[in-house]
Amino acid sequence: MPRGTSLADVYDRWHKSHPKPDETQCSEHKSRTRRMVPTSDHGIGKRWQVRYRDLEGHQRKENFHTRAEADKRAAEVDVEIRSGSYVVPAETKQTLGAYAQKWLDANSVGPTTALRYEATVRNHIVAHLGRRELRSLNRPSVVQGWIRTLQDGGFEVSTIEGIFDIFSSILGMAVEDGLLPKNPCKSKSVKLPTATKKKIVPWSLERVRAVINGLPERFQAGGKLAFGCGLRQGEIFGFAVEDIDFRGGWIHVNRQVRLVGTKPVFALPKGNRIRSVPLSAQLAAALKAHIRRFPPTAVTLPWAKPDGEPKTFRLLFVDEKGRAYNRSVFNMGAWKRALVAADVIPPRKRGARYLQAAPEDGMHALRHAYASVLLDAGESIKALSEYLGHSDPGFTLRTYTHLLPSSESRTRKTIDDAFREAEAEAEA
DNA sequence: CTTATTTACCATACCTCAAG
DNA sequence: CTTGAGGTATGGTAAATAAG
């Protein structure tokens, strides 16, 4: 703006060349006033300003060096506000790294999940995209390229999905905050690698028996309980003598032992869902024998979080020092050795540091074996779902549907049984 | 020193909930 | 019933530490 030009002159020129916007034309949004004024008259800094009200009615100002730029921006703002793609310009300049931290801080999830979110953001999101400005992420190609680098990293599809979900959630919040016009993760052109759905292959009964036999004596009944009632590992570790109803033939799954970071705590089972499971006579006998041999040990741990209220339960299965089992120690030690004893994995080679086992040969395999045996015997999905503690029978069905005996084999078996019965009657 | 155990942290499968 | 988004427990390795 040339020196000596008065503010009034500028206003005048502006209004002459830019007729007042028609009120009715833009009544669907709140951007009504937009005008340009010089911000200073000494030739320094930005001299043209666009003013408007944003979607929430807050007044916004943006400064420009030239009138042409300001004009262009003013037009853009109107279009953006009308179409809903408007974002606050200044705040989109923050980096993804900074915004991801806000997302982490705003979350209220459990400690396990918080740890995972924090690690995922740090290792997979901020590491690759952390220095980018938020608004620069509004391009599907950028997101797709990032997915590609994850793929090249050799991660499982399920892992990439997990990382992507968190990323999408962060950008989703940015959209809600008005910092991004839309979430590029939702774009049609952003594609995740497709997963081949893995089917659970249950252990054979021989393997179940062999591995249980290979466990240390103090935990053999624990293995039997895991297989015989389908409990999760943490639920076995938290199983107490008061959870058994010998008379009625039930066990109650009321808690688990969980690690919060490295601190063990008692907590409700996964999904905060307690349940009861029928107890077979043989398993009951095994538990009684175990209790005689290894009397229940009172263990006190905080409830739910390390600084939670201390609770004491008389646990059936504790380590040699009378502590609740630490799953990391257990899986590395007793469990792996049982796998070796059962010939599931080879013994450790000289010089090798660890016993190697496949992920599907963890203790969870006993739970899967339980499900498999029940389905094979014709137990209903509904009942199985209850015993496993699934809240959704649909999930149980999806997980185990391939283990349901086929209709043909059920038919053959039924007829075979009928024949046997008929022959038995004829003989009598 | 070598080997065993524990700790710290990461990857993955498992699981819930509710909307479509 | 199916599916997508959100969340959690289990499986695993390497570094740190303790034990032999």
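Each chain gets a letter, A, B and so on, in the order the sequences are listed, and its residues count up from 1.
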#### Entry: Residue-phosphate contact under 4.0 Å: A:Gln233 side-chain N/O, C:dA9 OP1/OP2
no
### Summary
dist A:Arg255:CZ -> A:Leu301:CG (nearest 0.5 Å) comes out at 10.5 Å
### Task
Report which part of the nucleic acid A:Glu360 touches: base, sugar-phosphate, or nothing (heavy-atom distance under 4.0 Å, all strands).
nothing
### Query
Picking from A:Leu225, A:Leu279, A:Leu283, what satisfies side chain to side chain contact (heavy atoms under 4.5 Å, CB included) with A:Ile244?
A:Leu279
### Summary
A:Arg420 meets the side-chain hydrogen bond (donor to acceptor under 3.5 Å, both in side chains) criterion, sequence neighbours left out, with A:Asp417
### Message
For a quick check, with a 4.0 angstrom heavy-atom cut-off, what is the B/S/- contact string for nucleotides 13-20 of chain B, read 5' to 3'?
### Response
SBBBS---
### Query
For the rings on A:Tyr387 and A:Tyr370, is their centre-to-centre separation under 6.0 Å?
no
Report, one line per pair, each donor and acceptor closer than 3.5 Å where one atom sits in a side chain of residues 291-300 of chain A; sequence neighbours left out.
from	atom 1	to	atom 2	distance (Å)
A:Arg293	NH1	A:Glu217	OE1	2.3
A:Arg293	NH2	A:Glu217	OE1	3.1
A:Thr300	OG1	A:Thr312	OG1	2.7

### Query
Within less than 4.0 Å of OP1 or OP2 of B:dT6, is there a side-chain N or O belonging to A:Lys321?
yes
### Message
How many whole angstroms separate atom CH2 of A:Trp335 from atom C1' of C:dG11?
### Response
12 Å
### Message
Distance check needed: B:dC10 P versus A:Tyr117 OH, whole Å only.
### Response
16 Å
### Message
At less than 4.0 Å, is any side-chain N or O atom of A:Asn331 found next to OP1 or OP2 of C:dG12? Yes or no.
### Response
no
### Task
Have a look at the helix from B:dC1-C:dG20 to B:dG20-C:dC1 and give the angle its two end axes make, five pairs each, rounded to 10 degrees.
30°
#### Entry: The single option from A:Arg135, A:Lys102, A:Glu133 passing side-chain hydrogen bond (donor to acceptor under 3.5 Å, both in side chains) against A:Gln94
A:Lys102
### Query
Taking only residues two or more places apart in sequence, or in another chain, which ones meet A:Ile166 in a side chain to side chain contact (heavy atoms under 4.5 Å, CB included)?
A:Trp103, A:Arg116, A:Tyr117, A:Thr120, A:Val121, A:Ile125, A:Ile170
### Summary
Of the candidates C:dT10, B:dT6, C:dG6, the side chain of A:Arg327 sits closest to C:dT10
### Query
Please give, in whole Å, the distance from C:dA15 P to A:Met332 CE?
13 Å
## Note on the structure
Ranking A:Lys186 and A:Pro269 by the position along DNA chain C of their nearest nucleotide, the one closer to 5' is A:Lys186
### Message
What is the separation between atom CG on A:Asn326 and atom P on B:dA8, rounded to the nearest whole Å?
### Response
11 Å
## Note on the structure
From the list A:Arg275, A:Lys270, A:Gln256, A:Arg367, side-chain hydrogen bond (donor to acceptor under 3.5 Å, both in side chains) partner of A:Glu235 resolves to A:Arg275
### Task
Nearest whole angstrom, please: distance from the P of B:dT12 to the CZ of A:Phe155.
7 Å
### Query
What is the distance from CZ of A:Phe237 to P of C:dA9, rounded to the nearest Å?
14 Å
### Query
Which part of the nucleic acid does A:Gly362 contact within heavy-atom distance under 4.0 Å: base, sugar-phosphate only, or nothing?
sugar-phosphate
### Task
Test side-chain contact (heavy atoms from CB on, under 4.5 Å) on A:Phe164 and A:Val143 and set out the steps.
CA-CA 9 Å; A:Phe164 179 81; A:Val143 177; 4.1 Å; yes
### Query
With a non-hydrogen cut-off below 4.0 angstrom, is A:Asn123 in contact with a base, only sugar-phosphate, or nothing?
sugar-phosphate
### DNA chain C-proximal residues of residues 216-231 of chain A, any heavy atom under 4.0 Å
none
### Task
Under 4.0 Å between any heavy atoms, over every strand shown, what does A:Ser328 touch: base, sugar-phosphate, or nothing? Just pick one.
base
### Query
Would you call the rings of A:His364 and A:His368 parallel, tilted or perpendicular, where under 30° means parallel and over 60° means perpendicular?
perpendicular
### Summary
Comparing A:His124 with A:Arg323, nearest DNA chain B nucleotide closer to 5' gives the residue A:Arg323
### Message
Expressed as a whole number of angstroms, how long is the span from A:Tyr325:OH to B:dT6:P?
### Response
12 Å
#### Entry: Earlier contact from the 5' end, DNA chain C, for A:Arg258 and A:Asp361
A:Arg258
### Query
For A:Val253 and A:Ile251, which heavy atoms make the closest approach, and how far apart are they?
CG2-CD1, 4.0 Å
### Query
Hey, do the aromatic rings of A:Trp203 and A:Phe227 have their centres closer than 6.0 Å?
no
#### Entry: Nearest-Å distance for atom pair CG/P, residues A:Leu259 and C:dT10
9 Å
### Message
Less than 6.0 angstrom separating the ring centers of A:His290 and A:Phe317, yes or no?
### Response
yes
